[in-house]
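One structure is given below, encoded as structure tokens.
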Amino acid sequence: MVRLSFIISFIALIGVLFSGLAAYRVHDQELTVDGIALARAIDVHASLVQDRLTERELLARVASGLFRSPSVIKANMLQPLRASIYAFKTDFVVADWIARLKPDELEAAHTELAGAGFSNPTIRNFDDTPLEPGSLNQPIDVVMDVEPRNAETLSFPGRALDNQPILGSMLARALASGKPVASDPIALLRPDGPVGLVLAAPVLQDSNAEPAGFVTFSYDLSSLMLTNDDLSLFSVVLKDPRNPNAELIADQQGHVTSRTSSGREGPPSSVRTVTFGGRDWSLGYYAKTNALKRAEETAAVVAAIGLALTGIICGLFGYVAYNNLRLSREIQVRIGFERRLTAVIDELNHRVKNILAVIQSIVTRTLRHGADIDVARELLIGRIHAMSNVVSLLSESQWQGVQLKGLFEARAIPHSERIAVNGPDIAVSARAAQSLSLLFFELASHSDEGLSLVGKHPHIVAHWEVTGDEPDKVFHFRWEEFNTSEATRRKDSDFGLILLDRVAPEALGGVSKRYFTDVSYVYELTAPMATVIDMTERDRTEQFSAPAKPQR
């Protein structure tokens with residue numbers, strides 16, 4: 001009997017030890033797995049928000065770049081853009097054309113607004129109080145067109161925004177920087193309307209360095225940055241730039257409210273920074289569940305099960321239960337991560353389709369202005385083909401970039417047999433590849449189709465090089481068409497001029513110039529290597545592409 005009691009006691013001791021060990025391991029594993037799942041979910045959400053903001057900023061740049069010598073006092077300036085902006089993205093709340101009017105232009109602007117059918121064509125302050133024209137000695141920013149036009153927005157045109165506390169300072173910063181600028185959070189449409197952000201892009205006239213006005217897009221802050229699904233592991237808040245102790249948060253209905261950050265229990269689980277409109281925005285992520293309490297509860301359950309069993313059977317059962325639990329958690333983490341990775345890929349594909357839609361809309365607009373239908377159709381097909389080629393190359397590389405020489409393939413570049421490519425084999429980023437592909441097609445498609453004055457086809461040399469040392473390396477690209485002249489080379493289209501002189505240089509953060517020599521046509525582009533290769537974009541894409549490894 002004593003011996004049996006000793007054996008039973010020994011088995012019971014082993015059971016207690018195994019139960020304690022299993023409970024400890026489960027506690028540690030729960031904390032680790034929950035931490036990994038939360039960190040990955042936050043990274044995916046922050047990346048999606050940044051991609052969404054980048055697309056909206058690209059829309060503003062494209063919209064401002066499409067204006068050609070704008071008429072400041074015209075009330076229907078958004079008419080040519082309506083098809084393009086709706087094809088690109090339709091989630092903006094309202095788009096405005098804001099003109100910089102001189103004091104002597106206010107009467108003409110009033111007449112133009114009245115003729116356009118707006119409900120209140122009077123030029124007035126932002127709060128609808130009368131404006132004293134005699135007190136003005138400098139241009140003012142007046143809303144001249146709005147999209148969509150409905151009962152809420154028809155009253156907007158005619159308002160001067162210079163003295164508006166939020167929008168006035170935003171327009172001043174956009175005027176000074178010459179780039180798209182985002183406002184502080186503001187109520188849209190009406191004082192009690194949804195909280196959102198306004199993005200203003202300056203529109204430059206061809207002969208004037210000062211903007212003729214601004215194209216603005218307003219976005220609901222809830223759908224832009226703060227949305228979550230019901231199964232999300234966290235809630236998202238935006239640090240209010242107007243008050244360092246305040247946070248903006250959206251409820252399940254999408255209503256955004258402000259709260260004091262000091263009222264929360266502890267700091268957020270994680271903070272991510274996104275860039276929009278030349279500003280950094282801080283997103284705070286609060287975990288919805290208490291991981292420590294959950295881990296303690298799970299460990300207590302395992303310990304209770306272990307203590308309820310005896311001997312080796314208890315130990316084996318606890319060990320198997322622990323391994324099954326760990327395997328189940330790892331599978332759940334993998335499934336959740338792959339679901340979010342699929343969402344990132346879908347968003348990326350959607351972005352590419354939208355870019356193609358913008359190009360088609362621009363070219364379609366060109367056809368409406370009496371362009372040669374055969375030439376326009378050829379350019380349309382070629383541009384879409386060039387974008388399709390670069391998307392295929394990016395898909396093959398999992399959006400890690402494209403070798404620059406690969407953009408000169410015969411299937412996407414006209415007259416490729418006459419192009420001598422020379423330069424180091426650089427892997428450019430996805431964004432740079434899209435701009436350069438269109439740039440190369442535009443240059444090649446406008447080389448002369450017949451014989452030049454000396455009886456020879458143009459010989460084209462595409463050369464690039466990288467100069468300087470890290471981190472100030474500079475990318476130099478030179479396109480030169482020999483045996484050509486200004487008389488023989490096809491004249492650049494309006495879209496081509498915008499692409500060569502504005503869109504491509506701005507996308508790469510550089511400058512360009514084009515000119516004719518005695519024997520050739522030359523186009524040169526200079527940009528920082530940091531924007532050409534964009535390691536930040538490549539690292540982020542590589543992080544999403546890497547398979548998730550279960551914690552051991």
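Computed from a predicted model, the values in this text were never measured in an experiment.
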Donor-acceptor pair, Arg52 side chain versus Leu224 backbone, under 3.5 Å?
yes
Answer yes or no on whether Arg190 is positioned over the face of Phe156, meaning its NZ or CZ is under 6.0 Å from the six-membered ring centre and within 45° of the axis.
no
Looking only at the aromatic ring of each residue, does the gap between the centers of Tyr286 and Phe234 stay below 6.0 angstrom?
no
Salt bridge (Lys or Arg N to Asp or Glu O under 4.0 Å) partner of Arg159, chosen from Asp96, Asp127, Asp128
Asp128
Parallel, tilted or perpendicular, judged at 30° and 60°: which one describes the rings of Phe440 and Trp479?
parallel
Closest non-hydrogen contact found for Gly193 with Ala187 is O-CB, 4.0 Å
Testing the basics here: between Leu407 and Ser437, what is the closest heavy-atom pair and its distance to 0.1 Å?
CD1-N, 4.3 Å
Walk me through it: do Ile73 and Leu101 pass the test side-chain contact (heavy atoms from CB on, under 4.5 Å)?
CA-CA 7 Å; Ile73 61 175; Leu101 299 179; 3.5 Å; yes
Cationic N near anionic O, under 4.0 Å, Asp43 to Arg272:
yes
Donor-acceptor check, side chain of Ser512 to backbone of Leu500, threshold 3.5 angstrom: yes or no?
yes
Kindly indicate whether the side chain of Ile42, heavy atoms from C-beta on, has any atom under 4.5 Å from the side chain of Val236.
no
Asp162 side chain vs Asp141 backbone, donor-acceptor pair below 3.5 Å
yes
In Leu188, Asp220, Ile186, Leu221, the residue satisfying side chain to side chain contact (heavy atoms under 4.5 Å, CB included) with Val195 is Leu221
Is a side-chain donor or acceptor of Glu524 paired with a backbone partner of Lys513 at a separation under 3.5 angstrom?
no
Using every non-hydrogen atom in the two residues, find where Pro157 and Arg124 come nearest and quote the distance to one decimal.
O-NH1, 3.3 Å
Quick one: does Ser183's side chain have a donor or acceptor within less than 3.5 Å of a partner on Val198's backbone?
yes
Anything under 30° is parallel, anything over 60° is perpendicular, the rest tilted; go ahead and classify Phe477 against Phe475.
parallel
Would Phe92 and Arg56 count as a side-chain contact (heavy atoms from CB on, under 4.5 Å) here? Give the steps.
CA-CA 9 Å; Phe92 62 85; Arg56 275 59 178 185; over 6 Å; no
Taking the side chain as every heavy atom from C-beta outward, state whether Leu283 and Val271 have any atom pair closer than 4.5 Å.
no
Under a 4.5 Å cut-off applied to non-hydrogen side-chain atoms, are Trp97 and Val203 in contact?
yes
If you define the side chain from C-beta out and look only at heavy atoms, does anything of Ile249 sit under 4.5 Å from Thr257?
yes
Please determine if Glu210 and Arg100 form a salt bridge, counting it only when a charged side-chain N lies under 4.0 Å from a carboxylate O.
yes
Short question: side chain of Ser135, backbone of Glu132 - any donor-acceptor pair under 3.5 Å?
yes
Residue that, paired with Arg514, satisfies side chain to side chain contact (heavy atoms under 4.5 Å, CB included) out of Leu525, Val522, Leu497:
Leu497
Main-chain N/O of Ile166 paired to Gln164 side chain as donor or acceptor, under 3.5 Å:
yes
I'd like to check Glu147 versus Thr153 (side-chain heavy atoms, cut-off strictly below 4.5 Å). Are they in contact?
no
Identify the heavy atoms of Ala95 and Leu78 that sit nearest to each other, and give their distance.
O-CD1, 3.6 Å
What closest approach, in Å, do Phe217 and Ala60 show between heavy atoms, and which atom pair accounts for it?
CE1-CA, 3.9 Å
Lys288 side chain near Leu233 side chain, heavy-atom distance below 4.5 Å
no
Distance in Å, Phe118 CZ paired with Met144 CE, rounded so as to fall on 0.5 Å steps
8.0 Å
Is a donor from one side chain sitting under 3.5 angstrom from an acceptor on the other, for Thr275 and Asp280?
yes
For the atom pair CG (Asp145) and CE (Met77), what is the distance rounded to the nearest 0.5 Å?
8.5 Å
Any idea which heavy atoms bring Ala182 and Trp281 closest together, and the distance?
CB-CZ2, 4.0 Å
dist Leu499:CG -> Leu443:CG (nearest 0.5 Å) comes out at 8.0 Å
Would you check if there is a donor-acceptor pair between the side chains of Glu486 and Tyr521 at a distance under 3.5 Å?
no
Hey, is the main chain of Gly277 close enough, under 3.5 Å, to the side chain of Glu57 for a donor-acceptor pair?
yes
Would you confirm whether Asn125, through its side chain, and Pro130, through its main-chain N or O, come within 3.5 Å as a donor-acceptor pair?
yes
Testing the 3.5 Å rule here: is there a donor-acceptor pair between the side chains of Thr54 and Asp51?
no
Would you call Glu247 and Lys239 a salt bridge, using N to O less than 4.0 angstrom?
yes
Would the distance check show the side chain of Thr111 and the main-chain N or O of Glu107 forming a donor-acceptor pair, the cut-off being under 3.5 Å?
yes
Distance from Leu436 atom CG to Glu442 atom CD, nearest 0.5 Å?
13.5 Å
In Å, rounded to the nearest 0.5 Å, how long is the span from CG of Leu248 to CZ of Arg259?
10.0 Å
For side-chain contact (heavy atoms from CB on, under 4.5 Å), just list the numbers for Leu106 and Ile140, CA-CA rounded to whole Å, side-chain angles, deciding distance to a tenth of an Å, and then say yes or no.
CA-CA 9 Å; Leu106 298 184; Ile140 60 174; 3.9 Å; yes
Does a side-chain heavy-atom distance below 4.5 Å link Phe214 with Pro202?
yes
Val428 and Ile533: side-chain contact (heavy atoms from CB on, under 4.5 Å), yes or no, with the steps?
CA-CA 4 Å; Val428 299; Ile533 61 176; 5.5 Å; no
Could you grab the distance from atom OG of Ser429 to atom CG of Leu508, nearest 0.5 Å is fine?
7.5 Å
Would you say the side chain of Gln50 lies within less than 4.5 Å of the side chain of His45, judging by non-hydrogen atoms?
no
